[in-house]
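Since the model is a prediction, treat every value here as computed from it, not as a measurement.
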Amino acid sequence: MNRIVKIGMDVHSTNYTLCAMEPVLDGEDRVFANIQVTPDYKNVIQFIDQLKEKLGPSDTYSIECGYEAGCLGYSLYHQLTDAGVRCTILAPTTMLTQQGKRIKTDKRDAVMIAQCLSYGGYHAVHVPTDKDSSVKEYLRMRDDHKLALKKIKQQINAFCLRHGYFYDGNKWTIKHLDWLKKLDLSDLHRETLNEYMTSYEEQSAKIERFDKRIEELAADSDYHEKVGKLCCLLGIKTHTALSLVVETGDFNRFRKGSTYAAFLGLAPGESSSGEKINRTGISKAGNSHLRTVLIESARGICKGQIGHKSKDLRSRQTGNSAEVIAYADRGSTRLRSKYYRMIRHGKKRNVAMAAVARELACFVWEIMTDHLEPRKERKKAA
């Protein structure tokens, strides 16, 4: 095979724009076609078949398609690969785009994707297994209901404040719920609050049911050991651990922990020029869901006394090897110490928590890849 043809696809829910390009190193790239079709993978197959007729015998060329990760998820990828077409999903934050002022159209975007495929200006998105994808969707569905519950709580609090009622104490406890039921309201206001409370109770019951189901999913033979190891870390429980496992897939595809943290968008950016060095905030590129759950885990770490282990954490660590437990304890102590040290030096709380989340991602990678020796010893060995 001495000819390589790349097909860039700018895909939307309403149409696909396809650009077939043959890269030419010592000249201008050859564009065979740049057309728009209806959103059906069969149209892509038909486009490829017509392209093959132009190219001649199949042993003289290779064809590869690619599109940006977006609303279509992995559906188009699976449809094309099942039809025998090589396909790649490009991570948008890693693509090399044109600099300066440009006109943005679907056809120009398709050309850009084809150029990225031709010259390697991208990182491919990891495609999970069907089982991992199913578990991931369930976990995210649970999180959506959690957000809905949060919104209902806010609506109930706002309703009470609008009518001059304020609860001085810990909210959403048994006492708080009894207080809400005993408020002296007019008939219609009481009916309104009861409807809010019904929604609150329904969502709470759903989330409780979802959490039980997640515990069952985590007990599966494919996930049980990995989830158990991650739960040894302070701030990580079953839901977070299972999310990390199914959405990351193979942790060994990352060369080191800092690379994994960058994949989650927890690595700091930089905008330096000449001798002037300017560090920016975290990049927020990559998997936003995992970044969110690790930030939430960091919130749990950034509380309490350094070295303290709760009964819940000891219970989660039961059944794991002494080596994993010891390494997780060292990591938890280091992370909590890091947070308090940064706060003492005047760092903002959110900045310190983001730094803790980044290092927590490194510890997650190390536990999942069995890099359990101290980092100083690992550097000496290298």
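Screening Phe254, Phe251, Trp365 against Phe263 for a ring-ring contact (aromatic ring centres under 6.0 Å, His included) leaves a single residue, Phe254.
Both Leu290 and Met141 belong to a single network of hydrophobic side chains, linked directly or stepwise wherever heavy atoms of I, L, V, M, F, W or Y lie under 4.5 Å apart. Leu161 and Tyr200 fall into different hydrophobic clusters, where Ile, Leu, Val, Met, Phe, Trp and Tyr are joined by side-chain heavy atoms under 4.5 Å apart, directly or via other members. Hydrophobic clustering, with ILVMFWY side chains joined whenever heavy atoms are under 4.5 angstrom apart, groups Ile7 together with Val125. Note on Tyr61: it clusters hydrophobically with Leu18, by side-chain heavy-atom contacts below 4.5 Å among ILVMFWY residues.
From Cys160, atom SG reaches atom OH of Tyr196 across 10.5 Å, with rounding to the nearest 0.5 Å. The line from OG1 of Thr88 to CE of Met9 is 9.0 Å long, rounded to the nearest 0.5 Å. Note that CG of Leu233 is 9.5 Å distant from OH of Tyr327, once rounded to the nearest 0.5 Å.
Proximity of a side-chain donor or acceptor of Arg358 to a complementary backbone N or O of Ala261 within less than 3.5 Å is not detected. Judged by distance alone, with hydrogens and angles left aside, the side-chain atoms of Asn320 form a donor-acceptor pair with the main-chain N or O of Gly228 at under 3.5 Å. Remark: the backbone N or O of Leu372 is not paired with any side-chain donor or acceptor of Glu366 at under 3.5 angstrom. Judged by distance alone, with hydrogens and angles left aside, the side-chain atoms of Asn15 form no donor-acceptor pair with the main-chain N or O of Pro39 at under 3.5 Å. At least one donor-acceptor pair closer than 3.5 Å links the side chain of Arg336 to the backbone N or O of Ile301. Of the possible polar contacts, none joining the Asp10 side chain to the Thr17 backbone as a donor-acceptor pair under 3.5 Å is found. Checking side-chain atoms of Ser332 against main-chain N and O of Ala328 turns up a donor-acceptor pair under 3.5 Å. Judged by distance alone, the side chain of Arg190 and the main-chain N or O of Leu183 form a donor-acceptor pair under 3.5 Å. Panel note: side chain Ser288, backbone Lys284; no donor-acceptor pair is recorded below 3.5 Å.
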Quiz item: Yes or no on side chain to side chain contact (heavy atoms under 4.5 Å, CB included) for Ile295 and Leu266, after CA distance, side-chain angles and deciding distance?
Solution: CA-CA 9 Å; Ile295 290 290; Leu266 290 169; 4.1 Å; yes
Practice problem: Please test Arg30 against Arg3 for side chain to side chain contact (heavy atoms under 4.5 Å, CB included), starting from the C-alpha separation and ending with a verdict. | Solution: CA-CA 11 Å; Arg30 182 182 178 187; Arg3 299 180 67 184; 3.2 Å; yes
Quiz item: Do Tyr16 and Val44 pass the side chain to side chain contact (heavy atoms under 4.5 Å, CB included) test, and can you show the C-alpha distance, the side-chain angles, and the key distance before you say yes or no?
Solution: CA-CA 8 Å; Tyr16 297 167; Val44 180; 3.9 Å; yes
Quiz item: What's the verdict on side chain to side chain contact (heavy atoms under 4.5 Å, CB included) for Leu217 and Leu139, showing C-alpha distance, side-chain angles and the deciding distance?
Solution: CA-CA 10 Å; Leu217 293 172; Leu139 292 168; 5.8 Å; no
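Atom NE2 of His176 has more than 12 heavy atoms from other residues, nucleotides or ligands within 6.0 Å. The neighbour count for Asn170 CG, taken as heavy atoms of other residues, nucleotides or ligands under 6.0 Å away, does not exceed 12. Surrounding CD of Gln155 are more than 12 heavy atoms belonging to other residues, nucleotides or ligands, all under 6.0 Å away. With a 6.0 Å radius and a threshold of 12 heavy atoms from other residues, nucleotides or ligands, Asp187 has its CG atom at or below the threshold. Within a 6.0 Å sphere centred on CG of Asp184, heavy atoms belonging to other residues, nucleotides or ligands number 12 at most.
A donor and an acceptor atom, one from each side chain of Asp82 and Tyr41, are nowhere located under 3.5 Å apart. Checking Thr14 against His12 by side-chain atom types alone, no donor-acceptor pair falls below 3.5 Å. A donor-acceptor contact under 3.5 angstrom links the side chains of Asp132 and Tyr223, judged on distance only. Side-chain contact check for Asn43 and Thr38: at least one donor-acceptor pair (N or O, by modelled atom type) lies under 3.5 Å.
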All N/O donor-acceptor pairs, side-chain side in residues 146-154, below 3.5 Å, sequence neighbours left out:
none

Please tabulate, for side-chain N and O atoms in residues 344-356, each donor-acceptor pair with protein atoms closer than 3.5 Å (sequence neighbours left out).
{"unit_1": "His345", "atom_1": "ND1", "unit_2": "Arg341", "atom_2": "O", "d": "2.7"}
{"unit_1": "Arg349", "atom_1": "NE", "unit_2": "Tyr339", "atom_2": "OH", "d": "3.4"}

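Closest approach of Ala69 and Pro92 over heavy atoms only: O-CG, 3.7 Å. Closest non-hydrogen pair, Ala20 versus Val5, comes out as CB-CG1, 4.4 Å.
One finds a salt bridge joining Glu216 and Arg213 here, because a Lys/Arg side-chain nitrogen approaches an Asp/Glu carboxylate oxygen to under 4.0 Å.
Evaluation of the salt bridge (Lys or Arg N to Asp or Glu O under 4.0 Å) test over residues 237-263, restricted to residues two or more places apart or in two chains, returns Arg140-Glu247, Lys237-Asp312.
Note on ring orientation: taking the six-membered ring where Trp is involved, the planes of Trp179 and Tyr167 are tilted (angle from 30° to 60°).
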